[in-house]
Amino acid sequence: MRLSEFWLLADAVFGDAYARTLARELSLDEFDSLTPAAALEAGHAPRDVWHAWCEQMSVPLHLRDGGDRERMVPPPR
């Protein structure tokens, strides 16, 4: 997953404004309380950050593609 795809998914799943707020404010348990934005800046793979974020927010697997069934979202590792 590319960083640009990460942000497109975030906007599709959480909404444009809310996604950016969550990315700056939500602490991810899986990344020692880093926010999604900080985890990306620290060099973690967008795919891993995406699934950790979705897990933290209880987004089901079938909704993690942002409603676009054609979009290929890599599965969690």
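Every heavy atom of this structure was used, including side-chain atoms; hydrogens, water molecules and symmetry mates were not. We're numbering straight along the sequence, starting at 1.
- Residues Tyr18 and Phe6 share a single hydrophobic cluster, defined by chaining ILVMFWY side chains whose heavy atoms lie under 4.5 Å apart.
- In summary, the aromatic rings of Trp53 and Phe31 are positioned with their centroids too far apart to meet the 6.0 Å limit.
- Leu9 places none of its side-chain heavy atoms less than 4.5 Å from the side chain of Asp11.
- When hydrophobic clusters are built by joining Ile, Leu, Val, Met, Phe, Trp and Tyr residues whose side-chain heavy atoms come closer than 4.5 Å, directly or via intermediates, Trp50 is grouped together with Leu3.
- Within the 3.5 Å criterion, the main-chain N or O of Ala17 finds a donor-acceptor partner in the side chain of Thr21.
- For the atom pair Arg47 CZ and Arg77 CZ, the distance stands at 4.5 Å (nearest 0.5 Å).
- A distance of 11.0 Å separates CG in Leu22 from OG in Ser27, rounded to the nearest 0.5 Å.
- Side-chain N or O atoms of Arg64 include one that pairs as donor or acceptor with a backbone N or O of Val59 at under 3.5 Å.
- Counting only heavy atoms from C-beta outward, the side chains of Thr35 and Leu28 never approach each other to under 4.5 Å.
- Atom CZ of residue Arg2 and atom CG of residue Leu8 lie 11.5 Å apart, to the nearest 0.5 angstrom.
- When hydrophobic clusters are built by joining Ile, Leu, Val, Met, Phe, Trp and Tyr residues whose side-chain heavy atoms come closer than 4.5 Å, directly or via intermediates, Val13 is grouped together with Leu63.
- Under the 4.5 Å side-chain heavy-atom criterion for grouping Ile, Leu, Val, Met, Phe, Trp and Tyr, Met57 is connected to Leu34 within one hydrophobic cluster.
- Judged purely by atom type and a 3.5 angstrom limit, Gln56 has no side-chain atom pairing as donor or acceptor with the backbone of Leu26.
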